Structure formats: C-alpha cells, structure tokens
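The structure displayed is predicted, hence computed values, not measured ones. First the proteins, then the strands, lettered A, B, ... as listed; each starts at 1. Note: hydrogens, waters and symmetry copies are ignored here, and every other heavy atom, side chains too, is used.
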2 protein chains.
Amino acid sequence: MTAAPTLEDVARAAGVSRATVSRVINGIRNVDPAIQETVRRAIADTGYVPNRAARSLVTRRTGAIALVVSGAGEEDEANPFHSQVFADPFFGRVASGVVGFLRPRGIHPILMFAETDEARTQVISFLRQGYADGAVLVSTQSRDPLPRQLVEAALPSVLFARPGEAIPISYVDVAHRTGAKLAADHLVARGCRRVATIAGPLDVLAAQDRLAGFRDAMAAHGHPYIPCVEGQFTYASGETAMERLLSEQPGLDGVFVANDLMAQGALLVLRHHGRRVPEDVAVVGFDDSSAATASRPMLTTIRHPVEDMAAEMARLLLEHVDEPGKPMTSVIFEPSLVVRESA
Amino acid sequence: MTAAPTLEDVARAAGVSRATVSRVINGIRNVDPAIQETVRRAIADTGYVPNRAARSLVTRRTGAIALVVSGAGEEDEANPFHSQVFADPFFGRVASGVVGFLRPRGIHPILMFAETDEARTQVISFLRQGYADGAVLVSTQSRDPLPRQLVEAALPSVLFARPGEAIPISYVDVAHRTGAKLAADHLVARGCRRVATIAGPLDVLAAQDRLAGFRDAMAAHGHPYIPCVEGQFTYASGETAMERLLSEQPGLDGVFVANDLMAQGALLVLRHHGRRVPEDVAVVGFDDSSAATASRPMLTTIRHPVEDMAAEMARLLLEHVDEPGKPMTSVIFEPSLVVRESA
DNA sequence: GCATGGCGGGAGAGCGCTCTCCACAAACCG
DNA sequence: CGGTTTGTGGAGAGCGCTCTCCCGCCATGC
C-alpha cells in the first residue's frame with residue numbers, strides 16, 4: 001500500500017480541479033453529469049478515501065459523538081465502575097439503540113465512562129478538543145454534576161432521563177409514574193390484597209417516580225400504605241430486599257419491583273422460601289430487559305422502550321449539533337405492561 | 001464562549017513563537033524552564049485546548065482506536081445483533097478491560113458492530129478514513145472474514161481469540177484446553193463417574209478447544225466417551241441442552257458447561273427436575289462471568305482473565321500503531337479453577 | 001446588436017497544528 | 001583565539017480538505 005491518494009490525485013486523474021472533485025463528493029452545487037461520472041471513476045480507480053482530519057479541520061465538525069455513562073460512584077480497583085455498568089442489561093439496550101440510529105448515518109459512538117471528577121473533567125476536555133461534536137449521557141445518579149458541566153461548556157448534549165437539577169438541557173425519559181400505575185392496576189386486577197414494593201435507590205429520580213407512582217395508584221385502589229424496601233437496582237440487592245420484605249410482611253401476595261434485575265433476585269428468594277410465583281406471590285418488574293425473559297418464571301414487567309428512547313436521544317443530539325441555537329426539548333415515552341408468567 | 005484560542009494566541013500571550021508553545025505542550029526537545037513556565041501560564045490564561053483535527057492532520061495519528069464486535073450472524077430488525085451482544089456479560093468484561101487500559105492514556109474506544117458484510121466494509125473504510133488508528137476485534141465466529149480484511153488493508157489490529165484461518169495478526173487468547181482439563185480434574189476428584197458436557201457452538205474455535213480439552217482430560221482419567229450436546233453460549237440454549245442431556249443420560253452426576261451463561265440455564269433445569277446441585281449433579285462452568293455469582297447455587301467455574309486479556313489486547317494494538325513494522329505476537333493466558341458451590 | 005444574468009468550473013486562501021530547517025549564542029577544544 | 005560543537009528559539013512550509021471568490025461561457029432580453 002503506497003501513500004494514500006488525496007483529492008489532488010483524484011483531480012489530476014480526472015483532469016479537473018480539486019474543487020470540482022470536492023463538489024462531487026459532497027454533492028454540493030451542480031456539476032455536469034459527464035464530469036461527475038469521470039470523477040467518480042477516478043475516485044474508484046485511485047481508491048480514494050477522504051481524510052477525516054483535514055475535513056474536520058475546516059468544517060469544525062468531527063462526525064463523531066460520545067456515549068457517556070456517568071455516575072457519582074467511587075471507582076474500585078478490583079471491580080471498576082464500567083464493569084458493573086455492563087452487568088446491567090439496561091446499558092446494553094441504550095448502546096444498542098444509539099448505535100441503531102447512528103450507524104446508518106455512518107457515525108459511531110465513542111464510549112466513555114465518567115464516574116469520578118477526574119474522569120468528568122476528561123470528558124469535557126475531550127469534547128472541547130474536538131474528538132466529538134456532542135454527547136449523549138446516561139447518568140446513574142441524580143446528583144451527577146456532568147450535565148451541568150456540559151451545559152456550562154456549551155457542548156451539545158442530550159440526557160437519558162430528566163436531570164436532577166433544573167438545567168437547560170434536552171432529554172428523553174419514560175413516564176415512570178404511568179408505568180408504576182400499570183403495575184399497580186395489574187396486581188389489583190389479579191386480586192392481590194397485600195402488596196409491597198422494592199424500590200430503586202432513592203437518590204435516582206426514576207426510582208422516586210416509580211415508587212410515588214405506585215403508591216399513588218395503590219392509594220387510589222384503596223391501599224394507602226404500601227411497604228417498601230430500597231434496593232440498588234442490582235441482582236443481589238433484589239435478593240436482600242426480598243428477604244427483608246418477606247420477614248416483615250410474611251403474608252404478602254404481590255410485589256412491584258422497580259427493575260427487572262432486582263425482580264430476578266426477588267424471584268429466586270421467593271422460590272427459596274417455597275412461595276410459588278405467581279400463585280402465592282405475584283411479581284411485576286420494570287424495564288422489560290433481557291433479565292425479564294431470562295428469569296423463571298418469566299417476568300411480567302413494564303416495558304420501557306429503551307432502544308427507541310436511546311435512538312431519539314441520538315436524533316436530538318444530531319439536531320443540536322446541526323443547529324446550535326435550537327431550543328432544548330424533552331421527549332417522554334409511554335410505557336406499557338407486558339404480561340408473562342410472574343403476575 | 002468566543003472563538004477557541006489557537007496556538008498562535010497562546011504564543012502571542014506568552015511572547016514566544018508558535019513552535020515553542022508546541023514544544024512545551026508536547027514535551028519535545030529542551031525548552032528553557034522560565035519560558036516553559038510563561039507558556040504554561042499563557043495556556044491556562046487563554047484556556048487553550050489543542051485542536052485534534054489539526055494535530056492529526058499532520059501527525060497522521062488520530063489517537064483513537066475502534067472496539068469492533070464482529071460476527072457473521074444475520075441482522076434481525078426486532079432484535080439487532082448488538083443488543084444480543086450486550087446481553088452476554090463477556091462483552092462487558094472485554095469493554096471494561098479495554099477501557100481500563102486505554103483511559104489512563106487519554107484514549108477512548110469507538111464502538112462498532114460488524115455483523116453484516118456491509119457493516120464490515122463500513123468498518124474498514126472508517127478506519128481508512130482515519131477515524132481511528134487501529135482496531136481491537138472480538139469475533140463471535142471463527143468464519144468471520146473481518147480479520148483477513150483488516151490484514152489486507154494493512155490496518156493495525158489485534159484479535160481477542162485466535163483467528164479461524166491462519167493469518168498474520170496479533171491476538172490474545174486463553175488456554176482453553178488447560179481450562180477444560182481443570183474442570184475435568186475437579187469433577188473426577190469430586191468422585192463424579194457419569195460425566196457429560198454442554199459445548200459451545202462448534203464453529204467457534206474456543207468451543208472446539210474446550211470440548212477437545214475436556215474429552216482428552218477425561219480420557220486420561222479413564223473415561224473415553226463423554227456425551228455432549230452443543231449449545232449456543234446463550235442462557236436459553238443451556239436450558240435446552242440440559243433437558244436433552246438429562247433425557248439421554250438420566251444417571252449423570254457431573255456436567256462441564258462451556259460457558260457460565262449456559263451453565264446458569266442448566267442449573268435451572270436441573271433444579272426443575274429435582275436434582276440437587278452439587279449433591280446429585282456437579283456443574284462446572286467456564287468464564288467466571290457475572291452469571292457465575294448471580295446463579296444459585298453459585299457456579300464453580302474456570303476463571304478466564306477477560307479484563308486482563310482485553311487490556312493486553314489494547315496494549316498490543318498501541319504497540320502496533322507505534323511501530324508499524326512490529327512482528328505479530330500472540331499472548332496466551334492461563335485459566336484457573338474457581339470453586340464455589342455448584343461443584 | 002450588446003448588455004444581462006445564470007451556471008459550471010478553477011484558483012487559492014486558509015483551517016490549526018507539527019516539524020524541519022536555520023540562526024544565533026554559549027561552551028568547549030586544541 | 002578561531003573553529004567546532006551543542007543547545008535553544010524562530011520562521012515557514014506544508015498536512016488534505018472546504019469554500020469563497022472570480023471568470024468564462026452560453027442563453028436570454030430589449
């Protein structure tokens with residue numbers, strides 16, 4: 001392989017100027033069809049590939065975006081943040097949705113983790129250096145300072161989930177309360193009378209909303225008090241929470257669990273205690289993640305259109321990159337109930 | 001935010017030439033400490049951030065690498081390849097290891113999926129355009145044509161796992177046969193007499209090696225025939241395989257399962273059939289993935305240092321990028337047995 | 001007939017950086 | 001003390017592309 005051909009080489013081969021070749025490649029302005037054809041052939045002959053650095057030097061666009069997963073957790077040498085993140089099928093779905101939208105447009109996300117202050121600083125300077133035009137951000141914590149930092153640096157960005165503080169930034173989210181209501185209605189319709197819930201970490205807005213939505217809906221059904229144990233959205237915390245719930249409320253016959261991973265853990269504990277699901281205890285999860293179909297019995301859950309939301313997040317970001325003055329928007333998706341075996 | 005400051009601006013502020021500022025930033029050649037200090041202050045004052053496009057235009061380096069997940073599977077609209085990929089904790093560990101190595105060096109991987117021919121072409125042209133200096137590649141299939149394509153395009157790349165065909169490319173791998181032998185020895189030492197195995201998809205070299213290694217070791221222990229059912233490395237296929245094994249070999253007392261995800265499925269089926277694990281049937285998995293500790297009983301498994309391997313893969317790639325003439329190398333890691341509850 | 005305008009192509013000026021070359025001064029040698 | 005070496009800063013030529021300007025051509029209008 002010799003030195004890569006440049007625009008100049010193609011122009012020479014086609015017998016036209018550099019500018020004309022550029023026009024053909026970028027489809028800008030009219031170019032005589034015959035010349036267009038000649039140029040295309042020259043491109044194919046020389047095996048020309050545009051140089052991205054040169055292009056983005058002048059256009060001030062990189063054609064890349066960052067997919068940032070942020071939290072405020074501590075990094076642990078033995079079990080770094082990013083390995084935990086991937087253990088949650090939720091992030092896989094987000095990545096999948098983002099890639100699904102971006103790939104047909106020839107753009108690929110740069111994966112970044114931002115769990116420490118240092119890492120967050122790195123994210124900002126990375127974007128400022130022009131490694132990417134903007135960022136889609138998934139936060140695991142409502143206290144995450146990164147959204148604010150992004151806004152302050154005037155970097156185009158879109159969040160997955162409403163920001164913890166009121167800052168002018170676009171985001172996508174799901175109607176958590178509606179989802180929780182769906183779960184409540186289903187449990188009540190099945191005839192559950194002694195219902196409890198396992199919530200997510202209550203410093204996460206989504207967890208707060210799911211809990212509040214569930215309690216409101218149950219109250220409307222005449223159940224003003226719903227026992228609750230807080231989990232951490234992890235498998236193991238679901239087990240622990242279920243153990244506790246069972247010891248405190250041995251007579252329960254229905255549980256709403258704020259995500260599928262915890263529900264999976266809860267299921268195991270219920271079986272371990274000899275409770276049949278759904279006959280003795282009905283369980284409703286949240287997310288409709290891969291854990292929902294992997295657990296036995298399969299989970300009845302609230303479908304959270306994560307991939308669609310992630311795709312929309314990418315779409316919004318591209319819009320912001322294209323028109324910097326565009327006003328911030330939020331897009332809220334409606335969840336739905338998926339009935340399987342557990343309730 | 002006004003126009004971003006350039007090297008020129010910093011030079012003016014510091015009262016030196018552009019070249020000197022560049023030298024300070026890149027730490028190349030000696031620069032008078034006093035001037036160095038002045039320059040640093042000027043950088044801080046102006047809030048200067050080097051422009052990556054301009055830099056890589058002249059250095060012909062992007063300082064980015066691609067993390068490619070490739071297979072030869074068909075893309076399915078409803079359940080795209082990349083969402084399945086993330087369902088396997090294995091890929092999360094690879095990503096984690098790669099990020100762990102790269103991040104301290106200020107570089108972040110670009111995430112790409114290459115499951116169709118079209119997508120593979122896109123990967124190649126993406127790299128040729130200079131979006132990244134090289135690629136680390138995780139293939140799900142030994143027939144994957146991408147490694148060859150990368151070699152032909154002379155793009156620096158490193159594989160996770162030995163390539164299916166003999167091509168000159170660097171890779172990291174684990175000694176699958178040794179791992180399988182560890183499992184065999186453990187089962188035999190526990191007193192298992194009627195042992196079977198659930199293999200991975202046999203078009204994957206790793207699956208072939210694990211099966212061959214297990215059979216060889218069992219043969220050495222005096223068990224020349226080991227029943228085997230092929231799975232797909234997925235949870236569901238582990239269930240199916242275990243059902244089949246149980247119907248064909250009702251008397252079995254030990255199973256070696258080629259990965260943890262399938263082992264998790266197998267565990268569930270065994271319990272469903274009333275077999276106690278490990279009392280009635282001992283189960284050994286492979287990978288020591290998050291599934292190993294998430295299953296109940298927790299899996300005894302072969303530890304596969306995936307994060308270390310992924311980090312090494314990134315290290316090798318950076319070496320190849322730095323010295324293009326560097327000969328290809330392979331690094332083989334040794335697995336180890338992790339005894340938990342299932343055997 | 002000549003002025004007018006639209007259209008398609010070329011020339012060339014940068015984008016912000018690195019790096020080679022050169023100038024100059026100080027240090028060193030015989 | 002001249003000549004060489006060494007060490008440090010500046011000048012300036014690009015890297016490969018886009019995009020503005022300009023120019024020539026032909027069709028059109030009066």
*Starting at the 5' end of DNA chain D and moving along, which residue's nearest nucleotide shows up first, Val16(B) or Arg18(A)?*
Val16(B)
*Closer than 4.0 Å, any side-chain N/O of Asn26(A) to the OP1 or OP2 of dT18(D)?*
yes
*Starting from the C-alpha separation in whole Å, work towards a yes-or-no answer on side-chain hydrogen bond (donor to acceptor under 3.5 Å, both in side chains) for Ser17(A) and Thr20(A).*
CA-CA 5 Å; Ser17(A) 77; Thr20(A) 302; 3.3 Å; yes
*Can you figure out which of dT18(C), dG9(D), dG16(C) approaches the side chain of Ala54(B) most closely?*
dG16(C)
*Would Arg52(A) count as a cation-pi partner of Tyr131(B), with NZ or CZ less than 6.0 Å from the six-membered ring centre and within 45° of the ring normal?*
yes
*Atom-to-atom span, CZ of Arg52(B) to C1' of dC15(D) - whole angstrom*: 15 Å
*How is Arg23(A) classified with respect to the nucleic acid when contacts are heavy atoms under 4.0 Å: base, sugar-phosphate, or nothing?*
base
*Using a cut-off of less than 4.0 Å, is there contact between a side-chain N or O of Thr20(A) and OP1 or OP2 of dG10(C)?*
yes
*Ala19(A) has a side chain; which of dC17(C), dG10(C), dG16(C) sits nearest to it?*
dG10(C)
_Pairwise 5' ranking along DNA chain D for Leu57(B) and Arg55(A), keeping only the more 5' one_ = Leu57(B)
*In whole Å, what is the span from the CD1 atom of Ile25(A) to the P atom of dG16(D)?*
14 Å
*Starting from P on dG14(C), measure out to CG on Asn51(B) and report it in whole angstrom.*
18 Å
*Taking only the side-chain heavy atoms of Leu7(B) (C-beta and beyond), determine which of dA13(C), dT18(C), dG10(D) contains the nearest atom.*
dT18(C)
_Under 4.0 Å from OP1 or OP2 of dG16(C): is there any side-chain N or O of Thr6(B) that close?_
no
*Separation of dG16(D) P from Arg128(B) CZ (nearest whole Å)*: 14 Å
*Can any side-chain N or O of Asp173(B) pair as donor or acceptor with the backbone N or O of Ile332(B) at less than 3.5 Å?*
no
_Assess, by modelled atom type and distance only, whether the side chains of Asp144(B) and Ser70(B) contain a donor and an acceptor separated by less than 3.5 Å._
yes
*asked:* Can you tell me if Ser22(B) touches the phosphate of dT18(C), counting only side-chain N or O atoms and a distance under 4.0 Å to OP1 or OP2?
replied: yes
*Nearest-angstrom distance from the residue atom CG of Asp32(B) to C1' of dA26(C)*: 13 Å
*Send over the distance from Arg12(B) CZ to dG10(D) P, rounded to a whole Å.*
14 Å
*Can the positive tip of Arg105(A) be found less than 6.0 Å from the middle of the six-membered ring of Phe101(A), inside 45° of the ring normal?*
yes
*Between dC19(C), dC17(C), dA11(D), which nucleotide gets closest to the side-chain atoms of Thr59(B)?*
dC19(C)
*asked:* Using whole Å, what does the distance between atom P of nucleotide dG16(D) and atom CZ of Arg60(A) come to?
replied: 20 Å
